[in-house]
*Asks:* 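First the structure, then my questions, so here it is.
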Amino acid sequence: MSIRDNASVMSEALDKKEISAVELTNQHYEQIAAVDKDVHAFLYLDKEGALAQAAAVDKKRAAGEKLSPLAGVPLALKDVMTQKGIPTTCGSKILEGWRPPYDSTVVTKLKNAGVIILGKTNMDEFAMGSSTENSAYGPTHNPWDLTRIPGGSGGGSSAALAAFEAPLAIGTDTGGSIRQPAAVTGTVGVKPTYGGVSRYGLVAFSSSLDQAGPCARTVLDTALLHQEIAGYDSKDSTSINQGVPDVVAASKKLDVKGMKIGVVKQLAGDGYQKGVEDKFNEAVAELVKLGAEIVEVSCPNFEYALAAYYLIAPSECSSNLARFDSMRFGLRVGDDGVKSAEEVMNLTRQAGFGREVKRRIILGTYALSSGYYDAYYGSAQKVRTLIKQDFDAAFTKCDVLVSPTAPTTAFKIGEKSNDPLAMYLNDIATIPVNMAGIGGMSLPCGLAAEDNLPVGFQIMSPAMKDDRMYLVGGALEAALLYKWGKPILDFAPKLVGSK
Amino acid sequence: MAAISRDEVANLARLARITMSDDELDHLAGEMDVILGAVARVQEVASADVAPTSHPLAVNNVTREDVVLPSLTPTEALSGAPATDEERFKVPQILGEA
């Protein structure tokens, strides 16, 4: 047993009492102490709480209690989910020092399952970004190359997995913030069907798009975590009241014979790095070898998805972030006993929000203002309908759709930070999934020839058919593992001090 | 001609309750112009016959049973407040009287 093992292997070792949860937790904190000064995946570590949780799991196991498969396995939590008493910043100065008085439903479920929460991971401020450079607490570095971005907004979670600081992580995905970080770090991330995992306690960015989901180093581990966090929650009015698809069984099935897999014509070509397209095509060829049937599908309105997203998400964000008004929680600036509440609010929001957040609030305020509403927000909502129609038509011809997850491999820190439009293009292949509320997975499909960096393979499945992406992902992962001879992260350079 | 003027951005910042320096306004006005130019293409396909979608799920007025459930205590609810007075949030003056 080592920290490089998968969560499912750790789970077995814990079950057989080859290692205790306390020992396993301590091993991960040792790794964090060794590498996180270089990676900066974590914003906060709750060592005391985690070890107490681990001791409680060990005690239950010793008493012969029936435990969840992930009981005693450590996890990294994106700093956008509330955990009672633990600082939750969303990567923003406006929430610095805030300790939420309640647990998000995802955290409640993790605690009930005995999953050990190591700490909170770095992210782009309020999940707005594709590189984690928009964090007010400094960027996270990609374990494959510390001069490069780990993706975003969930770059802390993806980097923690790739640096073996945690075998499991929670992300949230509004336009690709789980999948794109997974793609550029050689890890696995799933955005479940919208409504599949509760949003209660997920600090809202764009409520009609936000979705929390599982991240790990293998498809099976991701499925095990998915199973623990998914399900109906009466505290989330958009939670789907249906059973969770059996994603664990699906990821173990390894059989895609006769499945129809649609390659989306529009998610290729201009703007896609050659090495990304090559690895994607090789993975598609593997699926053919496994007996799947490839169908080319056209989704013409995907071309407008990025534009529609950068109207809808900022519009919803301008409304959601109005709650950061300095009155009830968070930062308050300029309260000198003379200034009015409005002046204090204005100064607090100037000091507390970073550039990208301000940019999106202003953009959203514009798109929703009278006189411009129909031309911008209204038109974007119509595009959303057209994208849904494209998906509906495509899913009549195939079981899942596939594409590269991101158009390029990890870029250099600083390379795109002064060009918002260039940054937004990172999400071009992931956004359609959020617009339609369906499921999407990214898993590694190789290293690009140009730069030896990981490439992500995206699988999209219809709403509440999340098991299909696990089925295809599990089979593809097994075929690629056989081809490579070892897991993709074993090709990454070893971090200084790493186990 | 620019899609959006610096004055308009200043007005949006006022509506959004964010104080902005002259430098911030200058910078943002330029960026907003570029971004609006790019996102305006949604209008190319948004014809009158397409119905808008505001949400992926067609759910309406979801309510729970009207029963009392445990909630935060006043101390918990006030735990993150920048300022409190007894069991209340203390805020700066709102009516223009010091």
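Chain A is the first sequence line, chain B the second, and so forth, proteins listed ahead of strands; every chain is numbered from 1.
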*Asks:* With no hydrogens and no angle check, just 3.5 Å: does a side-chain donor-acceptor pair link A/Ser104 and A/Gln83?
*Replies:*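 Per modelled atom types, A/Ser104 and A/Gln83 side chains form no pair under 3.5 Å.
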
*Asks:* Is it the backbone or the side chain of A/Gln389 that comes under 4.5 Å from a heavy atom of chain B, or both, or neither?
*Replies:*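 Interface part for A/Gln389: neither.
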
*Asks:* Would you mind checking which part of A/Thr238 comes under 4.5 Å of any heavy atom in chain B, side chain (CB onward), backbone (N, CA, C, O), both or neither?
*Replies:*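 Both parts, backbone and side chain.
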
*Asks:* With chain A, which of B/Glu24, B/Arg41, B/Arg14 has the greatest number of heavy-atom pairs at distances under 4.5 Å?
*Replies:*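 Looking at each of B/Glu24, B/Arg41, B/Arg14 in turn, B/Arg41 comes out on top.
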
*Asks:* Check the pair A/Glu316, A/Ser208 against side-chain hydrogen bond (donor to acceptor under 3.5 Å, both in side chains), reporting the backbone distance first and the verdict last.
*Replies:* CA-CA 8 Å; A/Glu316 294 187 14; A/Ser208 79; 2.6 Å; yes

*Asks:* When you measure from the side chain of A/Ser198 to the backbone N and O of A/Thr105, does any donor-acceptor pair fall under 3.5 Å?
*Replies:*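 Here the side-chain-to-backbone pair does not exist.
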
*Asks:* Is B/Ser47 close to chain A through its backbone or its side chain, or both, or neither, when contacts mean heavy atoms under 4.5 Å?
*Replies:*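 Contact with chain A: backbone only.
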
*Asks:* Answer with side chain, backbone, both or neither: which region of A/Ser326 has an atom nearer than 4.5 Å to a non-hydrogen atom of chain B?
*Replies:*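 For A/Ser326, backbone heavy atoms alone lie under 4.5 Å from chain B.
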
*Asks:* Could you have a look at A/Pro101, A/Ser234, A/Gly437 and say which one has the most heavy-atom pairs with chain B under 4.5 angstrom?
*Replies:*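 When all of A/Pro101, A/Ser234, A/Gly437 are compared, A/Pro101 has the most.
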
*Asks:* May I have the step-by-step check of side-chain hydrogen bond (donor to acceptor under 3.5 Å, both in side chains) for A/Ser239 and A/Asp233, ending in yes or no?
*Replies:* CA-CA 6 Å; A/Ser239 179; A/Asp233 178 18; over 6 Å; no

*Asks:* For A/Ile240, is it the side chain, the backbone, both or neither that has a heavy atom under 4.5 Å from a heavy atom of chain B?
*Replies:*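 Only the side chain of A/Ile240 comes within 4.5 Å of chain B.
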
*Asks:* What are the two closest non-hydrogen atoms of A/Gln266 and A/Ser298, and how far apart are they?
*Replies:*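 In this case the closest contact between A/Gln266 and A/Ser298 is NE2-OG, 2.9 Å.
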
*Asks:* Is B/Glu65 close to chain A through its backbone or its side chain, or both, or neither, when contacts mean heavy atoms under 4.5 Å?
*Replies:*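 Neither part, no heavy atoms under 4.5 Å.
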
*Asks:* Less than 6.0 angstrom separating the ring centers of A/Phe324 and A/Phe126, yes or no?
*Replies:*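 Ring centres of A/Phe126 and A/Phe324 closer than 6.0 Å.
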
*Asks:* Where on A/Ile361 is there a heavy atom nearer than 4.5 Å to chain B: the side chain, the backbone, both, or neither?
*Replies:*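 The side chain, not the backbone.
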
*Asks:* Quick one: which of B/Ala38, B/Ala51, B/Ala40, B/Ala83 has the most heavy-atom pairs under 4.5 Å with chain A, could you say?
*Replies:*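 So the answer, after comparing B/Ala38, B/Ala51, B/Ala40, B/Ala83, is B/Ala51.
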
*Asks:* So, B/Gln43 versus A/Tyr304: side-chain donor-acceptor pair below 3.5 Å or not?
*Replies:*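 No, no side-chain donor-acceptor contact under 3.5 Å.
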
*Asks:* Could you look at A/Tyr309 and say if it's the side chain, the backbone, both or neither that has a heavy atom under 4.5 Å from chain B?
*Replies:*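 Neither part.
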
*Asks:* When only pairs under 4.5 Å are counted, which of A/Val383, A/Asp419, A/Leu363 shares the most heavy-atom pairs with chain B?
*Replies:*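 Of the options given, most contacts go to A/Leu363.
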
*Asks:* Decide side-chain contact (heavy atoms from CB on, under 4.5 Å) for A/Leu386 and B/Val50; before the verdict, give the C-alpha distance in whole Å, the side-chain angles of both, and the deciding distance to 0.1 Å.
*Replies:* CA-CA 8 Å; A/Leu386 296 171; B/Val50 180; 4.0 Å; yes

*Asks:* Who wins among B/Thr73, B/Val62, B/Val39 for the most heavy-atom pairs under 4.5 Å with chain A?
*Replies:*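 That would be B/Val39.
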
*Asks:* Flag the pair A/Tyr102 / A/Tyr200 as yes when their ring centroid distance falls below 6.0 Å, and as no otherwise.
*Replies:*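 Yes - the distance between ring centres of A/Tyr102 and A/Tyr200 falls below the 6.0 Å cut-off.
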
*Asks:* Parallel, tilted or perpendicular: which one describes the rings of A/Phe395 and A/Phe391, with boundaries at 30° and 60°?
*Replies:*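 Taking A/Phe391 first and then A/Phe395, their aromatic rings lie parallel (interplane angle under 30°).
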
*Asks:* Can you tell which of B/Ala77, B/Ser79, B/Ser54 has the highest number of heavy-atom pairs within less than 4.5 Å of chain A?
*Replies:*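 Winner by heavy-atom pair count: B/Ser54.
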
*Asks:* Donor-acceptor pair, B/Arg64 side chain versus B/Val67 backbone, under 3.5 Å?
*Replies:*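 The answer is yes, because a donor-acceptor pair under 3.5 Å joins these two groups.
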
*Asks:* Under 6.0 Å between the ring centres of A/Tyr373 and A/Tyr366?
*Replies:*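 No, they do not, as the ring centres are separated by 6.0 Å or more.
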
*Asks:* Please flag which part of B/Met32 lies under 4.5 Å from any non-hydrogen atom of chain A: side chain, backbone, both or neither.
*Replies:*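 The side chain, not the backbone.
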
*Asks:* Output the option from B/Ile35, B/Leu15, B/Asn61 having the highest count of non-hydrogen pairs under 4.5 Å with chain A.
*Replies:*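 Ranked by heavy-atom pairs under 4.5 Å with chain A, first place is B/Ile35.
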
*Asks:* Please state whether the side chain, the backbone, both or neither of B/Glu76 comes within less than 4.5 Å of a heavy atom of chain A.
*Replies:*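 Both parts, heavy atoms under 4.5 Å.
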
*Asks:* Please classify the contact of A/Ala375 with chain B as side chain, backbone, both or neither, using a heavy-atom distance under 4.5 Å.
*Replies:*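 Both parts, heavy atoms under 4.5 Å.
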
*Asks:* May I ask you to name which of B/Leu28, B/Thr75, B/Leu72, B/Val45 has the most heavy-atom pairs under 4.5 Å with chain A?
*Replies:*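 Greatest number of close heavy-atom pairs with chain A: B/Val45.
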
*Asks:* Just give me the residue among A/Met345, A/Lys388, A/Lys358, A/Arg99 that pairs up with chain B most often, heavy atom to heavy atom, under 4.5 Å.
*Replies:*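 The answer is A/Lys358.
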
*Asks:* Where does A/Asn301 contact chain B at under 4.5 Å (heavy atoms): side chain, backbone, both or neither?
*Replies:*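 The side chain, not the backbone.
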
*Asks:* Side chain, backbone, both or neither: which part of B/Ile18 has a non-hydrogen atom closer than 4.5 Å to chain A?
*Replies:*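 B/Ile18 touches chain A through backbone and side-chain heavy atoms alike.
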
*Asks:* With side-chain hydrogen bond (donor to acceptor under 3.5 Å, both in side chains) as the criterion, how do A/Arg199 and A/Tyr194 come out once you've worked through the C-alpha distance, each side chain's angles and the decisive distance to 0.1 Å?
*Replies:* CA-CA 10 Å; A/Arg199 289 187 298 111; A/Tyr194 182 88; 3.3 Å; yes

